[in-house]
Amino acid sequence: MTTVLITGITGQDGSYLADFLLDKGYDVHGMVRRSSTETFLRIEHIRDRITIHQADLLDQLSLINLIEKVQPDEIYNLAAMSFVPTSWVQPVLTAEFTAVGVTKMLEAIRLVNKKIKFYQASSSEMFGKVQEVPQRETTPFYPRSPYGVAKVYGHFITVNYRESYDIFACSGILFNHESPRRGKEFVTRKITDAVARIKCGLQDKLYLGNLDAKRDWGYAGDYVKAMWMMLQQEKSEDYVIATGETHSVREFCEKAFSHAGLEWQDYVGLDPRLVRPAEVDLLIGDPTKAHNRLGWHPEHTFGELVDMMVDEDLNRYRQ
Ligand code: NAP
Ligand code: G4F
């Protein structure tokens with residue numbers, strides 16, 4: 001049985017990856033940071049099939065001890081401060097979790113067992129002010145937020161440990177991926193949650209920032225499969241994972257409201273406080289390498305994703 005350690009198992013991607021690897025017959029271990037209240041909502045349904053351990057990306061010794069105890073064959077490093085606006089409010093903490101935390105994981109692997117395969121959750125936020133359209137593995141990075149800058153560090157330290165120590169380390173450059181398990185502060189889930197609340201008479205208005213921003217949105221369940229595929233290759237490499245389509249926040253609104261039989265202009269207002277100090281205007285990925293080398297393709301369209309998220313939020317409020 002293959003043993004896996006997932007950091008960030010309580011998050012959106014960690015929970016889908018745990019589902020996916022349990023189905024593949026893995027012995028799944030998850031790392032969580034200590035909290036006074038449990039944050040296990042997304043993994044409640046598999047709680048008795050996985051093993052949870054406390055450790056923290058900020059604490060080097062806790063990572064070394066954890067890897068010695070679990071003896072994993074694969075590690076997926078998904079834990080991070082992942083919300084872009086917070087990275088302007090807490091830039092130092094973001095760097096400590098999202099950037100230096102990756103070095104701490106890699107150092108723990110180097111010290112305990114260099115044969116462990118490592119996946120790093122890199123991000124299309126690294127492309128920021130895009131230098132090429134569409135963005136691919138070779139497109140230069142130009143991050144536009146402290147989060148993006150931290151992810152560039154995490155990306156290159158992963159490349160560096162692969163080249164310096166011959167560790168099987170892959171960096172997946174994932175474009176935005178969403179689901180009914182997405183945190184409610186991210187724009188897609190903020191919209192679908194509001195659509196459901198408005199439809200059920202619990203909310204009147206939805207305030208958003210930049211409606212013109214464009215993102216390449218896919219379904220998180222499809223993207224965790226790509227993470228696993230990267231670690232099953234002969235050679236460790238980096239891959240862009242994206243749909244190859246882009247849509248604006250405005251289009252997401254139109255589609256989500258209309259799925260619930262509502263006209264978005266009747267409910268959406270603008271709040272300039274939600275506009276970012278520096279915006280990433282356009283993201284669209286080129287997943288050709290992942291198609292050709294991994295055989296990976298997204299299995300859900302943009303329309304299916306929006307409908308799925310609205311339907312799940314509607315069901316929740318109706319219940
Ligand atoms: P998420 O839902 O925000 O989950 C983040 C996870 O990290 C949570 O489990 C959180 O634990 C954990 N965490 C944060 N700080 C930690 C610390 N100091 N020690 C231990 N655990 C910590 O994020 P996601 O959407 O699943 O994304 C997963 C990863 O992919 C992140 O690294 C993100 O930056 C990256 N990424 C995401 C996307 C996307 O579109 N979703 C795209 C590209 C890259 P708590 O439950 O305790 O908060
Ligand atoms: O949903 P968002 O907050 O996601 P963002 O900033 O693209 O970051 C997500 O994707 C990255 C991959 O590219 C990940 F690395 C990262 O961890 C995270 O998962 O915002 C999307 C767009 C932005 O352009 C933002 O300005 O939506 C725009 N937006 C407009 N109004 C809003 C809002 N975003 C949020 N969160 N809230 C608003 O009211």
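Indexing begins at 1, ligand by ligand and atom by atom, following the structure's order.
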| said: Taking the six-membered ring for Trp, are Phe83 and Phe186 closer than 6.0 Å centroid to centroid? | reply: yes
His247 vs Phe302 aromatic rings, parallel, tilted or perpendicular, using cut-offs 30° and 60°?
parallel
Quick look: Lys151 vs ligand 1, heavy-atom contacts under 4.0 Å, and the answer is side chain
When Met230, Lys289, Met227 are each screened for side-chain contact (heavy atoms from CB on, under 4.5 Å) with Ile241, the one that passes is Met230
Between His259 and Asp311, do the side chains contain an N or O donor and an N or O acceptor separated by less than 3.5 Å? yes
Any non-hydrogen atom of Arg182 lying under 4.0 Å from ligand 1?
yes
Logged contact type for Ala220 with ligand 1, heavy-atom cut-off 4.0 Å, is neither
With a cutoff of 4.0 Å, is Met126 in contact with ligand 2, counting heavy atoms of the residue only? no
The option among Gly101, Ser124, Ser82 carrying the non-hydrogen atom nearest to atom 23 (O) of ligand 1 is Ser82
Any donor-acceptor N or O pair under 3.5 Å, side chains Thr103, Tyr153: yes
Per-atom filter on ligand 2: closer than 4.0 angstrom to a heavy atom of Lys190 are 38 (C), 39 (O)
Verify ring pair (Phe, Tyr, Trp, His ring centres under 6.0 Å) between Phe97 and Tyr147, making sure each step is shown before the conclusion.
CA-CA 10 Å; Phe97 281 176; Tyr147 168 84; over 10 Å; no
Ligand 1 to Met31, heavy atom cutoff 4.0 Å, flagged ligand atoms 20 (C)
of all protein heavy atoms, closest to atom 1 (O) of ligand 2 is Val187 N, 2.9 Å
Restricting to heavy atoms, the pick from Gly172, Gly8, Ala121 nearest atom 6 (C) of ligand 1 would be Gly8
Does any N/O atom on Thr10 come nearer than 3.5 Å to any N/O atom on ligand 1? yes
Would Tyr147 count as a polar contact of ligand 1, with the cut-off being nitrogen or oxygen pairs under 3.5 Å? yes
| With no hydrogens and no angle check, do the side chains of Tyr223 and Trp296 hold a donor and an acceptor under 3.5 Å apart? | no
Check: Ser35 side chain, Glu38 main-chain N or O, donor-acceptor pair, under 3.5 Å:
no
Looking only at protein heavy atoms, what sits closest to atom 11 (C) of ligand 2 is Ser123 OG, 3.7 Å
A student comparing His177, Lys184, Glu279, Glu178 should find that the heavy atom closest to atom 26 (O) of ligand 2 comes from Glu279
